[in-house]
Number of protein chains: 2
Amino acid sequence: MSNRSYSITDLATDFDITTRTIRFYEEKGLLNPERNGQTRIYSAADRIKLKLILRGKRLGLSLEDSKDIIEMYHPEHDNSPQIMKLIDKIRERRRLIKEQLRQQLQDLNDMLSELDQAEERCVEALEDMQRKAQ
Amino acid sequence: MSNRSYSITDLATDFDITTRTIRFYEEKGLLNPERNGQTRIYSAADRIKLKLILRGKRLGLSLEDSKDIIEMYHPEHDNSPQIMKLIDKIRERRRLIKEQLRQQLQDLNDMLSELDQAEERCVEALEDMQRKAQ
DNA sequence: TTCACACCTTACGTTAACGTCAACGTAAGT
DNA sequence: ACTTACGTTGACGTTAACGTAAGGTGTGAA
């Protein structure tokens with residue numbers, strides 16, 4: 001286990017975000033770093049959480065969603081009903097992600113082929129103009 | 001060519017959005033429907049534009065981006081420098097989309113496999129508890 | 001004619017996700 | 001002692017993408 005710790009600017013420069021953003025995530029309950037006095041000290045686990053958040057963002061998830069997902073990695077294994085609820089949440093989330101994956105693949109492929117066609121039309125129009133300009 | 005036309009509520013119910021949303025897209029310059037008096041009348045082309053916008057949204061594009069993309073399908077083929085600029089924009093956009101595709105696929109697969117692991121850990125924890133409860 | 005719709009415009013309200021000061025503390029180097 | 005660098009807490013500002021009334025128009029059915 002990596003015991004390394006990070007300052008807030010360490011993480012900010014690592015992930016190319018601002019310190020304000022990191023504090024904002026804490027405000028929203030997605031991060032809870034240790035403190036040395038009032039200075040925040042981030043663990044390797046915090047770093048991973050941040051990574052999860054940013055990945056969620058790239059996928060279009062809200063911070064609330066990412067908060068949910070983070071909690072799936074740090075279950076408070078109090079009792080078995082709790083865990084069973086968590087398992088259900090994980091499965092539901094996986095369902096959502098798979099559906100999203102399908103949809104995005106379709107969308108992106110559609111868009112790519114349409115861009116190809118648009119380019120083709122442009123090239124043809126260009127050739128037409130050059131022929132007439134002779 | 002389909003000469004069918006649509007009312008604003010037609011489109012709204014078709015795409016499961018509100019009329020406010022459609023008017024908003026017009027405000028932002030993404031749609032320019034015909035008018036009968038003050039009532040908007042949407043053509044098949046308008047319908048397609050709306051489809052493009054919503055697909056863009058699913059992919060995380062902003063309305064500005066979608067506006068750009070829509071204009072790629074309706075080039076004002078004034079002169080060849082214009083068209084060449086458009087072709088460049090199309091190619092750049094395709095580059096962006098391909099990169100996004102790569103990243104999102106990676107993100108989604110990572111997330112799926114991590115959810116699998118999280119579920120596995122949960123199931124194990126559950127089994128542990130049941131064994132001890134006997 | 002009066003009612004019910006479907007449409008319109010204008011305009012203020014809302015939410016998420018930060019940005020941007022201001023004002024302050026602290027520790028290290030010169 | 002002074003500057004520089006990095007950290008802190010408020011707290012108000014901003015942008016995108018709509019939501020939500022409030023009030024007016026036009027048209028067909030009862």
Rounded off to whole Å, could you give me the [atom1]-to-[atom2] distance for the [X] and [N] pair?
X       : N      : atom1 : atom2 : result
B:Asn36 : D:dT27 : CG    : P     : 9 Å
A:Gln38 : C:dA23 : CD    : C1'   : 13 Å
B:Glu26 : C:dT9  : CD    : C1'   : 12 Å
B:Phe24 : D:dG19 : CZ    : P     : 10 Å
A:Leu31 : C:dA17 : CG    : P     : 14 Å
B:Lys67 : D:dA16 : NZ    : P     : 12 Å
A:Arg23 : D:dG10 : CZ    : P     : 12 Å
B:Glu27 : C:dA11 : CD    : C1'   : 11 Å

When you match A:Leu61 and B:Arg35 each to their closest nucleotide on DNA chain C, which lands nearer the 5' end?
B:Arg35
Look at [X] and [N] and indicate whether a side-chain polar atom (N or O) is within less than 4.0 Å of OP1 or OP2.
X       : N      : answer
A:Tyr25 : C:dA17 : no
B:Thr21 : D:dA17 : no
A:Lys28 : C:dA16 : no

Out of [options], which has the shortest distance to the side chain of [X]?
X       : options              : answer
B:Thr9  : C:dA6, D:dC18, C:dC8 : C:dA6
A:Ser7  : C:dC18, D:dG7, C:dT9 : D:dG7
B:Arg40 : D:dC18, C:dT9, D:dT8 : C:dT9
B:Ile8  : D:dT8, C:dC7, D:dA17 : C:dC7
B:Thr39 : C:dC18, C:dC7, D:dG7 : C:dC7

Determine whether the side chains of B:Asp46 and B:Ser43 contain a donor N or O and an acceptor N or O closer than 3.5 Å.
yes
Under a 3.5 Å cutoff, is there a donor and acceptor pairing between the side chains of A:Glu114 and B:Tyr73?
yes
Counting the atoms with a prime plus P, OP1 and OP2 as sugar-phosphate, which does A:Thr19 contact under 4.0 Å by heavy atoms, base, sugar-phosphate, or nothing?
nothing
Quiz item: B:Arg20 side-chain donor-acceptor pair to D:dT20 base, under 3.5 Å
yes
Tell me whether A:Ile41 is reachable from A:Tyr6 by hopping between hydrophobic residues (I, L, V, M, F, W, Y) whose side-chain heavy atoms are closer than 4.5 Å.
no
If you group Ile, Leu, Val, Met, Phe, Trp and Tyr by side-chain heavy-atom gaps below 4.5 Å, do A:Leu59 and B:Leu112 land in one group?
yes
Report yes or no: is the cationic atom of B:Arg47 (NZ for Lys, CZ for Arg) under 6.0 Å from the centre of the six-membered ring of B:Tyr42, at an angle within 45° of the ring normal?
no
